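Here is the structure we will look at, set down as structure tokens.
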There are 2 protein chains.
Amino acid sequence: MKPTIYDIAREAGVSATTVSKVINNKGRISEKTRKKIMEIIDKLHYQPNVLASAMKGKSTYTIALLIPDAANPIYAQYLKYIEEYGQEFGFSVVMCSTGSDPEKEAKHITLLKQKRVDGFIIASVFKNEPVLRQLIEEEIPLVLISLHRSELPVGSVAGDDYLGGYIATEHLLSLGHCRIGIIAQEETVSGTERVRGYEKALINAGIELDKNLIRTTTDLTIEGAQLCARELLASGQRPTAIFGCNDTLAIGAMLAAKELGIKLPDELSVIGFDNTVMCKIVEPQLSSIAIPIHEMGRQAMGLLIQQIEQKDNMKQRIALLPELVVRQSTARLNDSIKYST
Amino acid sequence: MKPTIYDIAREAGVSATTVSKVINNKGRISEKTRKKIMEIIDKLHYQPNVLASAMKGKSTYTIALLIPDAANPIYAQYLKYIEEYGQEFGFSVVMCSTGSDPEKEAKHITLLKQKRVDGFIIASVFKNEPVLRQLIEEEIPLVLISLHRSELPVGSVAGDDYLGGYIATEHLLSLGHCRIGIIAQEETVSGTERVRGYEKALINAGIELDKNLIRTTTDLTIEGAQLCARELLASGQRPTAIFGCNDTLAIGAMLAAKELGIKLPDELSVIGFDNTVMCKIVEPQLSSIAIPIHEMGRQAMGLLIQQIEQKDNMKQRIALLPELVVRQSTARLNDSIKYST
DNA sequence: CTGAAAGCGCTAACAC
DNA sequence: GTGTTAGCGCTTTCAG
């Protein structure tokens with residue numbers, strides 16, 4: 001069997017307490033015994049049992065990350081950076097795909113509470129409001145990523161979607177576009193914020209909003225976006241630019257345009273959001289709005305650790321600023337088109 | 001504080017033992033007391049402490065997945081399906097990015113052993129051989145994904161890379177190509193197996209191998225592949241088709257070709273491997289070899305659970321067969337080119 | 001059918 | 001500096 005703290009104690013001719021103290025660097029231990037104990041630990045390949053120490057009220061050094069879909073590159077990136085940063089502090093992260101299903105959300109949370117994880121990071125979508133409130137009530141450390149709950153006292157990290165939407169639209173405006181379509185994600189706060197930014201930019205530019213140019217979809221696949229964009233482009237007064245509220249949506253729009261024989265970027269500019277790897281492999285390369293995912297992951301983990309380690313949890317909301325990344329899918333409005341539509 | 005089994009016992013006027021039995025469906029309990037206990041459990045929102053039960057020799061119902069990089073779509077998919085399947089059996093999965101760094105690998109494993117995870121799934125790359133052997137020696141449940149160690153007694157799941165390489169090459173041959181270049185990943189067994197399949201297909205077709213057509217790289221980024229492909233295409237006798245040993249490599253080749261003004265697929269056919277989402281968004285859409293990742297994840301988790309639950313661990317090696325997915329990046333060799341080179 | 005007692009491996013008071 | 005004692009919350013013999 002695996003050696004226990006008692007095996008070490010016996011071998012070293014001391015008590016278990018002393019060994020425990022050495023392991024945790026607590027109390028005063030003579031150099032001599034410390035050294036001796038250390039040697040024995042090495043010799044026997046002793047590994048402290050985290051479970052046992054967790055039972056004495058210590059941390060499990062494990063946190064949970066809940067995301068809608070692990071295979072989605074964006075979430076995968078959150079995961080990566082959260083794990084990377086957590087690792088530095090000895091935290092492991094257990095990943096849970098919820099599939100945006102409230103029942104699964106609840107099941108995961110219950111199970112993980114039973115396993116006594118130290119805290120939760122929830123990203124992007126969480127539908128089960130009662131469970132969320134419960135978590136907060138029980139004062140279980142919790143941080144939200146890109147998940148707005150302004151009415152709840154909970155720490156969070158998010159990109160500034162409103163500003164992002166504004167910047168994207170302004171970029172298109174600056175290229176001379178006036179009829180700008182938008183394909184947005186329904187039901188999420190991020191989604192509506194991006195639309196708000198878009199509207200604000202148009203209003204600031206003195207352009208009247210046209211409801212026909214705003215489309216929303218719940219289907220976030222390329223195909224879904226393609227459908228949406230097809231309608232948008234087939235309408236009488238077709239837009240000269242499209243803002244896809246995420247890269248997938250934007251790429252769907254690009255494909256729809258190609259299908260209809262519309263040339264990019266000469267006859268149509270397209271801009272995305274999130275600046276994923278996909279931007280660089282489509283043709284033309286997709287302009288996009290970058291949010292520093294790396295930073296979001298780190299900050300979220302940082303906030304959570306803070307809550308776990310100190311009881312006086314100072315909760316914070318952090319908003320990270322987006323940046324415009326110009327590539328080849330956006331171009332100055334071609335005059336010939338401007339007047340022909 | 002959270003209620004314990006004793007709180008339930010007191011409330012129900014029975015002993016903790018009885019409550020434990022009810023929770024675990026063990027021993028014989030009268031319907032009456034069972035019902036009563038259940039009610040109290042509900043009323044008090046009692047949640048069994050998995051840590052405590054794990055300390056009595058039970059499982060932690062937590063397994064670890066080690067992958068080189070969580071942000072890589074392929075690994076993210078493994079993760080997704082493993083988690084999805086594990087969930088059905090109450091298993092949580094903690095995800096660890098190793099960055100292919102032997103030290104990190106060791107650190108992770110040590111930490112997770114201390115946390116008493118029930119088993120490990122290791123995917124794609126694991127450099128720290130001693131740690132791997134140690135794991136096997138300690139009889140800790142372990143399954144490998146796409147990670148060949150034929151000399152080690154360990155269960156594994158993998159795509160048949162040799163066959164995949166063969167099929168990809170045969171597809172190009174069937175289109176009339178004879179000068180087929182290959183860009184391969186260095187150092188991995190999967191990589192060399194795919195090359196072997198490629199060579200075998202050529203030999204079977206009676207075509208002499210040309211070392212100049214085989215390039216390997218350790219840089220698995222698109223840019224790295226692009227560099228590699230540029231050399232390949234700039235050489236005197238340029239190939240009329242390229243087999244990229246994964247989609248990223250293939251896309252790098254496509255970009256290099258475009259850069260050099262080579263038309264796809266008329267002047268050059270390209271095929272990838274893995275059939276990732278990227279295939280559908282590049283232009284022309286990339287033909288590729290599909291391995292059923294979904295199935296790989298499930299099988300791996302299944303194998304692991306088997307090892308965890310029964311001590312008589314029947315280890316298995318499972319090879320999943322690849323399939324050709326033809327899209328637009330591969331086309332019949334154009335005769336005009338055939339004779340002009 | 002039910003319960004008393006022992007102990008998993010560790011830590012935290014509190015002595016000495 | 002070091003050891004004794006008493007649990008953390010649960011499960012598991014073994015009696016009744």
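Letters go in sequence order (proteins before strands), and every chain restarts at 1. It should be emphasised that the depicted structure is a prediction, and the values quoted were computed from it without experimental measurement.
- Here the side chain of D118(A) pairs a donor or acceptor atom with the backbone of T60(A) at under 3.5 angstrom.
- Note: CG (N25(B)) to C1' (dC10(D)) measures 16 Å, nearest angstrom.
- Rounded to a whole Å, the CD1 atom of I41(A) is 16 Å from the P atom of dG9(C).
- Between dT2(D) and K21(A), no contact under 4.0 Å exists linking OP1 or OP2 to a side-chain N or O.
- When the P atom of dG9(D) is taken as reference, atom NZ of K58(A) falls 16 Å away, rounded to whole Å.
- Summarising the geometry, the separation between OH on Y6(B) and P on dC8(D) is reported as 9 Å, rounded to the nearest angstrom.
- Straight-line distance from the NZ atom of K113(B) to the P atom of dG9(C): 17 Å, rounded to whole Å.
- Comparing dG3(D), dC10(C), dG9(D) by their nearest atom to the side chain of S15(A) picks out dG3(D).
- Using modelled atom types, no side-chain atom of S97(B) and backbone atom of G99(B) make a donor-acceptor pair closer than 3.5 Å.
- Between N24(B) and dT11(D), a side-chain N or O to OP1/OP2 separation shorter than 4.0 Å is present.
- Between Y85(A) and F89(A), the ring-plane angle classifies as perpendicular under the 30° and 60° cut-offs.
- The phosphate of dG3(D) has OP1 or OP2 within less than 4.0 Å of a side-chain N or O from T18(A).
- In this structure, CG of L51(B) is placed 12 Å from P of dT11(D), rounded to the nearest angstrom.
- A distance of 4.0 Å separates OG1 of T4(A) from CG of D7(A), quoted to the nearest 0.5 Å.
- Partner of M95(B) under the side chain to side chain contact (heavy atoms under 4.5 Å, CB included) criterion, out of I67(B), L66(B), I82(B): I67(B) alone.
- Between the CD1 atom of I5(A) and the P atom of dG9(C) there is a distance of 11 Å, rounded to whole Å.
- Note on T4(A): only backbone sugar-phosphate atoms sit closer than 4.0 angstrom, heavy atoms only; bases stay farther off.
- If M55(B) and R28(B) are placed on DNA chain C by their nearest nucleotide, the residue sitting closer to the 5' end is R28(B).
- Residue contacts shown for T17(A) include a base, since a base heavy atom lies under 4.0 Å away.
- Here dT12(D) presents its P atom at 12 Å from CD1 of I23(B), a figure rounded to the nearest Å.
- An OP1 or OP2 oxygen of dT12(D) is reached within less than 4.0 angstrom by no side-chain nitrogen or oxygen of S20(B).
- On a pure distance criterion of 3.5 Å, no polar donor-acceptor pair joins the side chain of K56(A) and the base of dG9(C).
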